[in-house]
Structure formats: structure tokens, C-alpha cells
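Predicted, not measured: the structure shown is a model, and the values here were computed from it. Residue numbers begin at 1 in each chain, while the letters A, B, ... track the order of the sequences.
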Amino acid sequence: MKIGYPCINLTVDCQGNKTFRIKSYSEEKIIETVENNLRCLIEILKFNVKHDLYFFRISSDLIPFASHPICDFKWERHFADEFKYLGNLIRHNEIRISMHPDQFTLINSPDSKIHERSVSELLYHSKVLDCMGLDFSSKVQIHIGGVYGDKNKSMARFIRRYEKLDARIRNRLVIENDDRSYSLRDCLCIFKETGIPILFDVFHHELFNSGETLEEAFKLFARTWRLNDGIPMVDYSSQEDGQRIGTHARSIDNEKFRKFVIRTRSFDFDVMLEIKDKEKSAIEAVKIALSDGRFSTGSSRREMSHG
DNA sequence: TCACGTCAAGCAGAT
DNA sequence: ATCTGCTTGACGTGA
């Protein structure tokens, strides 16, 4: 089990997801911004290793406007050395990586323009992982998309569109159950047709499910991951008390997480804490997992792999 | 230096 | 109709 958090580190004094307004786009601006973002990503990953955090989601803002027509900058070539360095850092420390394109990425949209933009966005995400030389256990996660008034048609459209995607995307794409439109059961239907692994979101499943217990859900999604995909990925959050249903917790609820760890003991998976205070809660989660014997520190893992 | 309107992009549900 | 949340507030103009 590896534990991590998404995109932003609040301790390290380095913002790895800097962007700018499209109006101020220039080659100079994007070079300067990406330089900063790559440098900070390195800093954050080093911080993570020091704190036994071996799972990280790279921000989609790493290369701002990468999939937009305005961007004709050859970022892969320009930053080839930096990407190589990052790839080595990630592989050497056995860090698990994910990316999560945002809510505008909808490959099942009936609007062909939105569909095309979404494919470009997915290709950008896949290329980032490719040019770091990462294998197919580094994933790009999306939700199935919109319902557009007819769920069956929209799911069929997703499947058709998926089958036409570039292999660079298909090798990395995983689907995540969401909290109101497409449940774990819906993701399993898509899996049956396409073989896409399912990234399980614990909190979404609590809010929107077909009656499966946590243990049943784990049995169902865990087998959708093949050997090349690595072990299953899980997103974890919990409800912030007193806020509207669906609000992610500000800080980890230690007892709740401990219970989760105990209930899922018979499964091996990597877990990302989608908690607002980021690495702070992730570090708490590491302590809890360690105390349950679910987790080995980086130094002991490295010794094992050498010995 | 700081307040605050706005930011590439979509959808669904709540108000 | 308008607002909010979503993996994450942050950019940058104007005072």
C-alpha cells in the first residue's frame, strides 16, 4: 500500500501548479511557468519520499494550455532533460503516479467539439507520463462523463469513443465512480465492454451506490486491474461535519480511516487522500497504516528490494 | 500591497 | 435563472 495526496503541497514553499491567463500567453511565459512547475514537482516528490508518501497526483496545470490550440510550444522536447530527471526520481523511489483531467474532459459528449478537446486533453496527460518514461501503472483517471438525458446511450457512446482512442491514452486511462451519475455498477458495465480498470472512490461510493458494502465493492473493482496496470488505485475522503453532503473533509478523521484500513485488510491497493489539508492528513494516514502493519517505510522497502 | 472580479473548457443538482 | 462543486483557488488589474 502506498499513500498519497493530490496535486498541491502546503508545506513545501513551492507552487507546482502555477498558471496564467490565456490573454498573457507567450512562449516566454509558458517556459517560465513550466520551469517553475517542474522544479516544484521535484521538490514535492522529494518531500514526499522523506515522509513515506509514495503516491502522488500530478496537477493538470503542469503545462498550462498544453492541449489548447494556442499552445504550439514543443514542451516535450524543450524540457526533455527535466522529464528524464523526474522519471528517474519516480522510478528510483517507486513512486506511484496518477493524473486527473478536470471536469471539462468528457469523451462521451454528444458535442463533437467537446469530444475532440477532451481527446487532446487526454493525450496531453498521457504524454506527460510517457516523456517521464513511466510504465502503464501510472494512470490518467476520468469520470465516465455526462448523462445527457439518456444514460444507456451515453454509456454506449463512451464505449464507442474509448475504442477509437490512441493506444497511448488507452494504456493509461482508468474510470472512477462519481457521486451522482455513474456508480461502481455503471463502471463495471463499461469494464465488461472495454476492460478499463476502475479506480474506486470510497466517498463517492458512500454517496451513490447500488447497495454494495465496502468489502463487496473492493472485490468487484479490484479484479479490473491487470498486471501491467499495477495494483488498484483508490481515492479516499470523508464528509466534513456540518457541511453539505459531499463536501470533502478539511482534515482526516483518524478513527474513520483506521476502520477503513481494517475493513480492506485483505486487499492490496494504493490510496490517495482527497482531504483539504493535503500532505498533513496523508502523513497521519501513513501512521495509521503503519500501526496496522499495512505499510512499510521507504527505507525498509528499498532494503527489501536490494536484499 | 491588497481587494476582488474573473479565469479555456461542462455538467448536474440545489437554491 | 443563477449558483455551486468538481482533483485544486489563483491570476492579475486597478486602486
Please list, one pair per line, the donor and acceptor atoms closer than 3.5 Å that link side chains of residues 30-37 of chain A to other protein atoms, with sequence neighbours excluded.
{"unit_1": "A/T33", "atom_1": "OG1", "unit_2": "A/K29", "atom_2": "O", "d": "2.7"}
{"unit_1": "A/N36", "atom_1": "OD1", "unit_2": "A/R39", "atom_2": "NH2", "d": "3.3"}
{"unit_1": "A/N36", "atom_1": "ND2", "unit_2": "A/Q15", "atom_2": "O", "d": "3.0"}
{"unit_1": "A/N37", "atom_1": "OD1", "unit_2": "A/K18", "atom_2": "N", "d": "3.0"}
{"unit_1": "A/N37", "atom_1": "ND2", "unit_2": "A/K18", "atom_2": "O", "d": "3.0"}
{"unit_1": "A/N37", "atom_1": "ND2", "unit_2": "A/D61", "atom_2": "O", "d": "3.2"}
{"unit_1": "A/N37", "atom_1": "ND2", "unit_2": "A/L62", "atom_2": "O", "d": "3.2"}

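Among residues at least two apart or in separate chains, side chain to side chain donor-acceptor pair (under 3.5 Å) pairs with a member in residues 142-163 of chain A are A/K151-A/D186.
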Provide a list of protein-nucleic acid N or O atom pairs under 3.5 angstrom, restricted to nucleotides 11-15 of chain C.
{"unit_1": "C/dC11", "atom_1": "O4'", "unit_2": "A/R21", "atom_2": "NH2", "d": "3.4"}
{"unit_1": "C/dC11", "atom_1": "O2", "unit_2": "A/R21", "atom_2": "NH2", "d": "3.0"}
{"unit_1": "C/dG12", "atom_1": "OP1", "unit_2": "A/R21", "atom_2": "N", "d": "2.9"}
{"unit_1": "C/dG12", "atom_1": "OP1", "unit_2": "A/S24", "atom_2": "OG", "d": "2.9"}

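By the side chain to side chain contact (heavy atoms under 4.5 Å, CB included) test, A/D277 pairs with A/S251, A/I275, A/K280, A/S281, sequence neighbours left out. Looking at residues two or more places apart in sequence or on another chain, you find a disulfide bond (SG atoms under 2.5 Å apart) between A/C14 and A/C40. Under the side chain to side chain contact (heavy atoms under 4.5 Å, CB included) criterion, A/L214 pairs with A/F200, A/V202, A/F218, A/F260, A/R263, A/T264, sequence neighbours left out. Residues forming a side chain to side chain contact (heavy atoms under 4.5 Å, CB included) with A/L123 (at least two apart in sequence, or on another chain): A/K127, A/D166, A/R168, A/I169. The ring-ring contact (aromatic ring centres under 6.0 Å, His included) check on A/Y124 picks up A/W75, with sequence neighbours excluded. The salt bridge (Lys or Arg N to Asp or Glu O under 4.0 Å) check on A/R117 picks up nothing, with sequence neighbours excluded. Under the side chain to side chain contact (heavy atoms under 4.5 Å, CB included) criterion, A/E216 pairs with A/E212, A/T213, not counting sequence neighbours.
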Fill in the blank from the handout: B/S/- along nucleotides 10-15 of chain B (protein heavy atoms under 4.0 Å) is BBSS--
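Consecutive Watson-Crick or G-U pairing (both distances under 3.5 Å) extending over three or more pairs maps onto DNA chain C as B:1-7 with C:9-15, B:10-15 with C:1-6.
Just one residue in the list A/F203, A/F257, A/F269, A/F55 forms a ring pair (Phe, Tyr, Trp, His ring centres under 6.0 Å) with A/Y236, and that residue is A/F257.
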